[in-house]
Protein chains: 4
Amino acid sequence: MSSGRVETQRTKSAADKRRLILDAAVRVFARQGFHACRVSDIADEAGVAYGLVYHYFASKDEVLDTLFLERWNVMLELIRQVDGEQMPVRDKLEAIASFIVDSYQHDPDLMKVIIVEVTRAANSFGNTHIATIREAYDLIGGMISEAQAAGLFKSEIDARFAAMAFYGAIEQLLTGWIFELLPQGPEDFKRAKWLVVETVCGGLESRAGEQERLG
Amino acid sequence: MSSGRVETQRTKSAADKRRLILDAAVRVFARQGFHACRVSDIADEAGVAYGLVYHYFASKDEVLDTLFLERWNVMLELIRQVDGEQMPVRDKLEAIASFIVDSYQHDPDLMKVIIVEVTRAANSFGNTHIATIREAYDLIGGMISEAQAAGLFKSEIDARFAAMAFYGAIEQLLTGWIFELLPQGPEDFKRAKWLVVETVCGGLESRAGEQERLG
Amino acid sequence: MSSGRVETQRTKSAADKRRLILDAAVRVFARQGFHACRVSDIADEAGVAYGLVYHYFASKDEVLDTLFLERWNVMLELIRQVDGEQMPVRDKLEAIASFIVDSYQHDPDLMKVIIVEVTRAANSFGNTHIATIREAYDLIGGMISEAQAAGLFKSEIDARFAAMAFYGAIEQLLTGWIFELLPQGPEDFKRAKWLVVETVCGGLESRAGEQERLG
Amino acid sequence: MSSGRVETQRTKSAADKRRLILDAAVRVFARQGFHACRVSDIADEAGVAYGLVYHYFASKDEVLDTLFLERWNVMLELIRQVDGEQMPVRDKLEAIASFIVDSYQHDPDLMKVIIVEVTRAANSFGNTHIATIREAYDLIGGMISEAQAAGLFKSEIDARFAAMAFYGAIEQLLTGWIFELLPQGPEDFKRAKWLVVETVCGGLESRAGEQERLG
DNA sequence: GATGAATGAGGGTTCATTCAT
DNA sequence: GATGAATGAACCCTCATTCAT
């Protein structure tokens, strides 16, 4: 019994250290960038010894891999769940946008790292995780495709392209926040969720604009 | 006369080597990524001696800076020109989208490098060039803002956010091509130009979808 | 207890490696010169891995800085101590000369490095350590100044200049040994100590020479 | 005739450029140090093209070699001439000290370069020119030796050591000026010439000091 | 588990020197 | 003579990773 508890204790402690390192890595990667930081910076930030990082992770890359996958899989889970529900497509897309914006609001460093170091890194991490990344795009594309089949979305717009445009719009808002080009008050986050969906689904054009255009 | 020709010859030759290096760098950066390639890879690809890279550029960074600025400034020029013309806002945005897609079609490696290594690189090149990058966002934001003032675009959507969403949608299409997630035949490029504008301006929603939603 | 011993062991071992590198650096700097040697030469001479040099020292410069300061500070200590004692000025100067000659005799490489690479290097290390170097000159100048005030030394000779002449005379003897222009048997070292003081204090001139001159 | 004049003209012009480069090198070596400056720095300072330095000199080293030898040979000439004259030894030594101090006063940069980069550089230029350098020491040693044979100088002090002490005292005064540790007004230079000879020949000790010492 | 000393390959940059014009 | 583009060897330093304790 007591030995069992000690074991649990130890395991828990170990898990804690691992988490400590991951959280420290997020801050360091966000602050300095993956390439510009050293493994020792992570250890220092975590307040652990140099070599301990290698006790829990096989390499510096694996730390980032872990961070990315942890978060991306949660997002995939959310998307899959949304996908399975009976819900207007617009609400589905808003759920996804909300999740991503909430993720940024909750842990901007982590989302910064994912967006800056992974999803665009075509020659390194982006390439490694392309299948995982793609899954999100495909799921969103599937939702749009369904909406098109139901006549709710225009069919002239290729669903895969539309999915990319939608996702790209969201990521660019995050990029705007990361570069401090866009305001990031609580209200801004809230409106951003609606805004991106309204833009992509309803369009920027007003009724008047549309009439003007169509003459 | 002859000395004049020699001068021209010389100058031209020198400029050629510089261009040779820049073009080689595009290919190498695109193939391996900025961090993963060595300066010697660029020199080898250009077929020049190692040190010559440093004769024309102060550092490896400066090579990428040069590539980015060359292209981005051409784009800024285009945007400014479009901005100055009398033209429906939708046409303006399509001109921009067209320019970017054409740029990719014409030199995918260069656009890959810019998108992968610069515009998202918040801790390195993106940060260095943030003012230049921002100028594009601001110009687009200005166009949208004007359209809102004219009642052609919905006013509830913050113009700065809308501009980011629009630009992000385009970049993500390029990202899709870069990762080979989207088809990139001549027809695809052509339709992409229209598609991204139609999505952002007109919205994905069909008339039927809109009625369904508004009940 | 045992952990304490391990700590000591570890610390000692670490200190040993550092010392190993410093001692190797002395030999390498003396043999090849600071500029002509590579950091790998030091590592090889010490029998340690290349990177270990950078584990203990921030740069190649810092290795030389350390060597210089270690020795120069011992000398300053000696000079300060001598300065504080009640002792004829001639004995004080001889103590200093003795210390320097002994230093050379004990570790000619180290003194060679200091004299060749530091005390004259007006654009590099000499400039870096000028304040520390000057302290020695000033202390000697102070001794001479006191002797002048006491009437024991001629007052027409500026004490600062005299101190420089005295120190320069000694360093030049070392330079003579370094270049193998002067004999360096045990007897030579011993006589050199006396000789330099006798020259600077008593003068080269014999009683007869003086009478001849003054007529 | 005219071709001859043109030849002369050309030769003269060439010699001028060579001199231009040498003079520029003195300034650059003095300012930055031999190792820290680049050949292009010399060319820039001289206002000539990069490659021209290599038209007149086989290497960067040869530039310094030339500067050193030019000056040192003039000094050797002076010492030899003084050596050949009938003159009290003290006057001979003062002539040498005067020449060196005058050299510094006239062109401090050149003397700085010689003292900092050559006469102590046991592993590079000092070693290359050791025979030439030594000649000066030997000539001075010879003078002292003669004076000892004539009974004018004490015989207990080895002439070679005494010569080194004398020369070292002078060089150290220059070092003091170079490091700006000693005042260098016109009066200071003048007094320095006398001072160094008085110190080495007459000694620092006053008559009172001597009596005190000898009891 | 935890520590941090030890390793050594790798790469950016410098710069003396060459050479075509 | 004069120019400066071109060459490429050399070297300092970084830092991911290993390993003995």
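In what follows, chains are A, B, ... by sequence order, proteins preceding strands, each numbered from 1. On a predicted model such as this, the values are computed, not experimentally measured, just so you know.
DNA chain F is contacted by both B:Tyr54 and D:Leu52; D:Leu52 maps to the nucleotide lying nearer its 5′ end (nearest heavy atom per residue). Residue whose closest nucleotide on DNA chain E sits further toward the 5' end, between B:Asp61 and C:Val53: C:Val53.
Between D:Asp16 atom CG and F:dG1 atom P the separation is 11 Å, expressed in whole Å. Distance CG (B:Asp44) to P (E:dG12): 12 Å, rounded to an integer number of Å. Protein atom CD of D:Glu62 is 12 Å distant from nucleotide atom P of E:dT18, rounded to whole Å. Between the CZ atom of B:Arg38 and the P atom of E:dG11 there is a distance of 5 Å, rounded to whole Å. Nucleotide F:dC12 holds its C1' atom 12 Å from the NE2 atom of C:His35, rounded to whole Å. Residue D:Lys17 contributes atom NZ, which lies 4 Å from atom P of F:dA2 at whole-angstrom precision. Rounded to whole Å, atom C1' of E:dC15 lies 19 Å from atom CZ of B:Phe57.
Phosphate proximity of F:dG1 to D:His55: present, with a side-chain N or O under 4.0 Å from OP1 or OP2.
For B:Tyr56, the side-chain atoms get nearest to F:dA6 when compared with the rest of F:dA6, E:dT7, F:dT7. Looking at the side chain of B:Tyr50, the nearest of the listed nucleotides E:dG12, F:dT7, E:dG8 is E:dG12. For B:Val39, whose side chain is taken as the heavy atoms from C-beta onward, the closest listed nucleotide among E:dG12, E:dT7, F:dT7 is E:dG12.
Under the Watson-Crick and G-U wobble criteria, each requiring two contacts below 3.5 Å, nucleotide F:dC15 is paired to E:dG8. Across all strands shown, F:dA20 forms a Watson-Crick or G-U wobble pair with E:dT3, both key distances being under 3.5 Å.
For the residue pair A:His35/B:Asn123, the side-chain donor-acceptor check at 3.5 Å is not satisfied.
Ion pairing of C:Arg120 with D:Glu117 is absent here, as no side-chain N (NZ or NE/NH1/NH2) approaches a carboxylate O to less than 4.0 Å.
Inter-residue side-chain proximity for B:Ile114 and B:Leu67 is flagged as unmet; no heavy-atom pair is nearer than 4.5 Å.
Residue contacts for B:Ser59: at a heavy-atom cut-off of 4.0 Å it reaches the sugar-phosphate backbone alone, with no base atom in range.
Between C:Tyr54 and C:Tyr50, the ring planes are tilted. Angles from 30° to 60° get that label.
A cation-pi contact links A:Lys60 to A:Phe34, judged by a cut-off of 6.0 Å to the six-membered ring centre and 45° from its axis.
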